[in-house]
Amino acid sequence: MRFHLLTIFPDFFTGPFSHGVVARARDAGKLEVSIHDLRNWTHDRHRTVDDRCFGGGAGMLMKPAPIFEAVESIFPGRTPRQRVVLLTPQGPLFTQSTARRYAEAEELLLICGRYEGVDERVAEHLADEELSIGDYVLSGGELAAAIVIDATARLLPGVLGNDESAVDESFEQAGLLDYPQWTRPAEFRGWAVPEVLQGGNHAEIRRWRAEAARAKTVRNRPDLLK
Ligand code: SAM
């Protein structure tokens with residue numbers, strides 16, 4: 001799968017994709033990340049990407065023209081498997097099932113906003129969808145894009161190793177959180193690992209984990225059970 005990032009801060013992404021699962025997957029050729037500098041699609045001396053808002057108000061807004069030109073040149077003859085997503089706090093929330101859906105795409109282009117946001121014509125006439133990573137306002141879409149790519153990349157075939165699995169995790173099993181887990185030592189500062197996990201009865205361990213996952217979901221995220 002190929003991810004594209006459209007940003008005015010291309011250097012921002014040096015860190016997030018150079019470590020762990022995503023870096024390994026890139027090295028193995030399982031995914032590609034192409035970073036596009038939006039200013040390459042400007043035509044003035046100052047490489048301007050923003051302008052004042054109609055109707056007044058504080059701050060600047062990202063102009064539509066460089067974004068339209070960029071997307072049209074990255075995806076000439078765009079197909080339905082080339083998804084274009086505008087990152088914005090005004091979008092529907094990103095969840096594990098959104099990541100699963102994106103993992104089916106051939107290419108995913110994420111538009112990273114800055115300033116007061118992006119001219120509404122990008123949401124209305126260019127992007128396939130708007131997307132928010134949570135109910136808070138970031139100063140730019142780059143962090144949000146890194147999160148979307150990380151969560152999607154680990155669902156791609158062959159990206160997680162044999163000892164890692166995306167199936168057993170939070171939000172995958174009927175909307176439950178993952179079950180709590182422990183590693184050695186069996187006792188740490190007087191806190192012991194539950195007895196059942198120290199035995200070898202796999203059926204009992206499975207039952208215990210299902211119950212523990214449910215209890216944790218009730219305690220921390222009752223909204224998931226609705
Ligand atoms: N004026 C906008 C509003 O209140 O809805 C906020 C603009 S924000 C300061 C600048 C950019 O950061 C946005 O265009 C978007 O790309 C990104 N951004 C901020 N919060 C985000 C979120 N929760 N999810 C996704 N992107 C976000």
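Both counts, for ligands and for their atoms, begin at 1 and track the order of listing.
Ring-plane geometry between Phe94 and Tyr102 is classed as parallel, the angle between the planes falling under 30 degrees on a 0 to 90 degree scale with a further cut at 60. Taking the six-membered ring where the residue is Trp, Trp191 and Phe188 present tilted rings, their angle falling between 30° and 60°.
Taking the side chain to side chain contact (heavy atoms under 4.5 Å, CB included) definition, one finds that Gln198 meets it with Ala186, Val193, sequence neighbours left out. Take Tyr179 and apply the ring pair (Phe, Tyr, Trp, His ring centres under 6.0 Å) test, not counting sequence neighbours, and it matches no residue.
For residues 48-70, every residue pair satisfying the side chain to side chain donor-acceptor pair (under 3.5 Å) rule, not counting sequence neighbours, is listed here: His43-Glu69, Asp44-Thr48.
Sorted by chain and number, the heavy-atom contacts of ligand 1 below 4.0 Å come from Leu87, Thr88, Pro89, Gln90, Gly113, Arg114, Tyr115, Glu116, Gly117, Leu131, Ser132, Ile133, Gly134, Tyr136, Val137, Leu138, Ser139, Gly140, Gly141, Ala144.
For the residue pair Glu142/Thr7, the side-chain donor-acceptor check at 3.5 Å is satisfied.
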